[in-house]
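Scroll down for the structure; my scribbles are underneath it.
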Amino acid sequence: MDFNVGNFVNNFVNKIISQPTDTGLENIFKLEEDKENFKKNYAIEIYKRLLTDCYYKSVGLAENTENSFWDSYLATEANKGLITLLAEAMYAKTKLYLIYIRNENIVRIATADEQKQIDNDIKNKGKSKIGIVCSFENFYKTNLLKMYLDLIYTTISGINTGINLTQAIILKIGDLRQNISSNDRLDPISQAKKINTGMKEGKSVMLDAKDNIELPKYDVGPTEQSLKLFNSFIANLLGMPLSYVNGELTQGLSTTGESDQLAINRGLAYYFNSIFKPIVDNLMGLKIKFMIENWRKLEAVSNLLPILETSEIVSDEYKKIFIDEVFK
């Protein structure tokens, strides 16, 4: 950033002279994204990731339903997939009326007339053949998530300001106020301009013994700790490990990340059973199940399976129960 000391001093002086009682300073390094858009987009992406992982953990999805889950950037009547529609409703805490068009393999939001018909069908029959309605009006997680994202936005804004300020210089001129109040008040401004120009061109500059030039320093350490703390709040709220939220891989030679994977399975089970499965089953007429990848468990019984399969002592019914438990 090209920081002009002369203009800064001149504007500062004029502001003091014209508005002697105004001590407020505007943030001159605003983020391009405003706070509300940041929180909305960030939260929706988190919800989309959770629902996407639920999709990949699903067993029993029909092959012809795949496209209905994903967004399409073609100009169609339904370019948002089911995952995005649900994520947006989770953030907005609204009711969502959905129609699944089987022959076109798309999911879309119901029209006003279709919403009335769905409500009437549910009221009179308990279920509608044309679509479903899901409600996130009491989805309290969004309230807390917004609060945490507000803190993250403020922290990122501080980082942006701090980093930008490190590209400026602070020119401290001896007896500046006295010089400004005298008749020759433009002299220090003129000096500041010359010093600024000289430094930009890499030339030596001459200063008074009382003058000083400083480069602002920004310590990113405290903000990193703040972001980690806020991400831990989000991870706790979502019921997921911290690595799932901040994207950091588990560290250590003896660490395989298996504990994180188990924690992710436990966390995803909530979103799968309370949101993903009931909506997908009722909307598409399926009965999907949650797949848990537990390789340690499978490894422990892998040597036992051939023996169990050929055993005449163990009944077929018990074998089936055992196998179902292993792959549960």
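The basis for the numbers below is simple: all heavy atoms, side chains too, and nothing from hydrogens, waters or symmetry mates.
Side-chain atoms of K57 and N265 form a donor-acceptor pair, as typed in the model, at a separation below 3.5 Å. There is a side-chain donor-acceptor pair under 3.5 Å between D119 and Y97. No side-chain donor-acceptor contact under 3.5 Å links N231 and Y148. Neither side chain, N105 nor E66, offers a donor N or O lying under 3.5 Å from an acceptor on the other. Side-chain contact, S72 with N79: no donor N or O sits under 3.5 Å from an acceptor N or O. Side chains of N120 and K125: a donor-acceptor N/O pair is absent below 3.5 angstrom, by distance only.
For K40, the NZ atom counts as loosely surrounded, since its 6.0 Å shell holds 12 or fewer non-hydrogen atoms of other residues, nucleotides or ligands. Around the CD atom of E32, the shell of radius 6.0 Å holds no more than 12 heavy atoms that belong to other residues, nucleotides or ligands. No more than 12 heavy-atom neighbours from other residues, nucleotides or ligands sit within 6.0 angstrom of CG on N138. The neighbour count for K80 NZ, taken as heavy atoms of other residues, nucleotides or ligands under 6.0 Å away, does not exceed 12.
Under the 4.5 Å side-chain criterion, counting only non-hydrogen atoms from C-beta, M240 is in contact with L268. A 4.5 Å side-chain heavy-atom check between I132 and K127 finds every atom pair outside the cut-off. Under the 4.5 Å side-chain criterion, counting only non-hydrogen atoms from C-beta, Y47 is in contact with F139. At least one side-chain heavy atom of C134 sits less than 4.5 Å from a side-chain heavy atom of L86. Contact annotation: the side chain of L149 never approaches that of F230 to less than 4.5 Å [non-hydrogen atoms, C-beta and beyond]. Between L238 and Y244 there is no side-chain heavy-atom pair separated by less than 4.5 Å. Within the 4.5 Å cutoff, no side-chain heavy atoms of F272 are placed close to those of Y55. The side-chain heavy atoms of I152 and K39, taken from C-beta on, include no pair separated by under 4.5 Å.
Under the 6.0 Å distance and 45° angle rule, R108 does not count as a cation-pi partner of Y100. The cationic atom of K228 (NZ for Lys, CZ for Arg) does not lie both less than 6.0 Å from the six-membered ring centre of F233 and within 45° of the ring axis.
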Test side-chain contact (heavy atoms from CB on, under 4.5 Å) on I159 and L227 and set out the steps. CA-CA 11 Å; I159 294 175; L227 288 175; 4.0 Å; yes
Full working for side-chain contact (heavy atoms from CB on, under 4.5 Å) between L31 and F38: CA-CA 10 Å; L31 295 174; F38 171 84; over 6 Å; no
Applying side-chain contact (heavy atoms from CB on, under 4.5 Å) to V280 and L286, what does each step give before you reach the verdict? CA-CA 7 Å; V280 171; L286 301 173; 4.2 Å; yes
How far apart are the C-alpha atoms of S68 and V107, what are their side-chain angles, what is the distance that settles it, and do they pass the side-chain contact (heavy atoms from CB on, under 4.5 Å) test? CA-CA 6 Å; S68 61; V107 174; 3.8 Å; yes
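For the atom pair NZ (K289) and OG (S58), the distance works out to 12.5 Å, reported to the nearest 0.5 Å. To the nearest 0.5 Å, atoms CG (D53) and OH (Y271) are separated by 11.5 Å. Here CG of L237 is found 9.0 Å from CE of M147. Values are rounded to the nearest 0.5 Å.
Across all non-hydrogen atoms, the minimal contact from I275 to L51 is CG2-CD2, 4.2 Å.
Between the side chain of T52 and the backbone N or O of K48, at least one donor-acceptor pair lies under 3.5 Å. In this structure, Q115 contributes its side chain and A112 its backbone to no donor-acceptor pair below 3.5 Å.
Linking Ile, Leu, Val, Met, Phe, Trp and Tyr residues whenever their side-chain heavy atoms come within less than 4.5 Å leaves I279 and I122 in two separate clusters.
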